[in-house]
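Below you'll find the structure, written out as structure tokens, and then a few comments.
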Amino acid sequence: MSDESDRPAASRVGVAAASGGETRCGLVAVVGAPNAGKSTLVNALAGAKVTIVSPKPQTTRFRIRAVVMQGRAQIILVDTPGIFAPRRRLDRAMVAAAWGGAQDADRTLLIVDARAGLTDAVRAIVGRLAQSPKPVFLALNKVDLIDPPRLLPLAAELNALLPVAETFMISAEKGRGLDRLLERLADDMPPGPYLFPEDELSDLPNRMLVAEIVREQILRQTHEEVPHHATVETENWQERKDGSVRVDCTIYVARPTQKAILIGDGGARIKAIGQSARRELEALLERRVHLFLNVKDRPGWDEERGRLRALGLEELE
């Protein structure tokens, strides 16, 4: 029997068998600059939380696949890290994961923050996508936050740099324009059998889900240099007879000062992080969760291959 902690985190009970009619299935890599709204869009299209989000850039660190059923089509959305100029080994692995996701996918969905417009980061991404023969869809996100007259010139400028199959004006947070985007992606999926059970929402194992939910709370509840210098690993997963689960996580930070910030006065900060993470995990896993957090300072963890392997980045350099 497989370990419960290694099973996909977001899945529904029961598997519906495919029957009747031609099925379509394909991978769509969701790429863009940091903070473009990729993870928010993936969650909205999936109709459930399959990847963490925060207002801070570079929240997503590795590829997460979300399974979306639309009619007879299975769309596998590959949420990728934001593409930026890397400095650390971790940064390089994250950017490699993003481009690896685009290379492996059948289609690419480029997300551009309409408020930020055509930044240097977007230009660099567009330039690389222009070299690929794979179809690219363009989604201008956060359109609810800017004046409509600004959208058409931005779309025209992007289409001049990168011929795209279709352009969509969306607000991932508000849910605007997503039905049309989903229908178009479904129609464009190549014929073929489903790659995942119809009831599965994500390929993220429970152990990684716990680590990601804890890291999300670190992103939300800390500031300064802490969020991007912290990583979380699930060290222990213990099933209990009453149906609950005990989970022990270790949070690694780069410096002792960051450890002190995370713990807070009298342990108040780490307690708040644990409580918020536990509540969300219990809702996602639909069971009681006993969550225990430990904080360690480990200088240079973001340059260690072992830590990157724990993030699922072992094959990326």
Side-chain angles (χ1 to χ4, degrees), residues 27-45 51-64 66 77-105 107-132 134-146 150-151 153-174 176-178 181 185 215-216 219 227-228 302 311 313 316:
L27 278 74
V28 178
V30 183
V31 303
N35 246 14
K38 299 180 297 298
S39 296
T40 300
L41 175 62
V42 169
N43 286 339
L45 293 177
T51 181
I52 67 172
V53 295
S54 87
K56 295 181 175 66
Q58 302 166 32
T59 297
T60 301
R61 284 180 172 168
F62 53 90
R63 284 175 280 179
I64 298 172
L77 299 172
V78 185
D79 186 21
T80 65
I83 298 171
F84 60 102
R87 291 177 296 177
R88 305 172 293 174
R89 183 188 294 273
L90 170 64
D91 298 339
R92 294 192 297 272
M94 288 164 57
V95 172
W99 285 121
Q103 183 178 356
D104 297 341
R107 305 288 186 269
T108 300
L109 176 59
L110 171 62
I111 311 299
V112 174
D113 182 344
R115 292 182 306 172
L118 192 54
T119 63
D120 290 342
V122 173
R123 287 183 182 275
I125 295 169
V126 165
R128 181 154 175 176
L129 288 177
Q131 301 173 18
S132 172
K134 295 181 180 179
V136 177
F137 292 89
L138 170 65
L140 297 183
N141 191 24
K142 307 179 186 180
V143 298
D144 55 314
L145 301 179
I146 68 171
R150 291 176 52 192
L151 292 173
L154 175 59
E157 193 171 6
L158 283 163
N159 275 263
L161 295 173
L162 175 67
V164 299
E166 194 165 341
T167 300
F168 302 87
M169 310 290 184
I170 68 168
S171 170
E173 187 170 358
K174 302 294 185 182
R176 287 175 48 183
L178 302 190
L181 171 60
L185 290 176
R215 190 167 67 86
E216 181 180 46
L219 287 163
H228 298 301
D302 49 4
L311 293 174
L313 298 171
L316 304 171

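Scope of the values below: all heavy atoms of this structure, side chains included, with no hydrogens, waters or symmetry mates. In what follows, residues are counted from 1 in the order of the sequence shown.
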Rounded to the nearest 0.5 Å, how far does OG1 of Thr108 lie from CG of Leu27?
-> 10.5 Å
Hey, what do you get for CG (Leu77) to CG (Leu45), rounding to the nearest 0.5 Å?
-> 5.5 Å
Please step through side chain to side chain contact (heavy atoms under 4.5 Å, CB included) for the pair Leu154 and Ile146, ending with a clear verdict.
-> CA-CA 12 Å; Leu154 175 59; Ile146 68 171; 5.6 Å; no
For Glu173, what residues pass the side chain to side chain donor-acceptor pair (under 3.5 Å) criterion, not counting sequence neighbours?
-> none
Set of side chain to side chain contact (heavy atoms under 4.5 Å, CB included) partners for Leu161, sequence neighbours left out = Leu118, Arg123, Val126
Lys174 atom NZ, neighbour heavy-atom count above 12 within 6.0 Å = no
May I ask you to test the Leu129-Val31 pair for a side-chain heavy-atom distance under 4.5 Å?
-> yes
Tell me, do Val122 and Leu158 make a side-chain contact under 4.5 Å, heavy atoms counted?
-> yes
What are the two closest non-hydrogen atoms of [X] and [Y], and how far apart are they?
X	Y	result
Ala29	Ala105	N-CB, 3.6 Å
Gly177	Ile170	O-CG2, 3.8 Å
Asp79	Ser39	OD2-OG, 2.7 Å
Val30	Lys38	O-CD, 3.6 Å

Testing Val42, Leu181, Val78 for side chain to side chain contact (heavy atoms under 4.5 Å, CB included) with Leu109, which one passes?
-> Leu181
Working for side chain to side chain contact (heavy atoms under 4.5 Å, CB included), residues Leu41 and Ile111 = CA-CA 9 Å; Leu41 175 62; Ile111 311 299; 3.4 Å; yes
Anything under 3.5 Å between a donor and an acceptor, one on a side chain of residues 135-145, the other on a protein residue two or more places apart or in another chain? List them.
residue: Asn141; atom: OD1; partner: Ala172; partner atom: N; Å: 2.9
residue: Asn141; atom: ND2; partner: Ala36; partner atom: O; Å: 2.9
residue: Lys142; atom: NZ; partner: Asn35; partner atom: O; Å: 2.8
residue: Lys142; atom: NZ; partner: Asp113; partner atom: OD2; Å: 3.2
residue: Asp144; atom: OD1; partner: Ser171; partner atom: OG; Å: 3.0

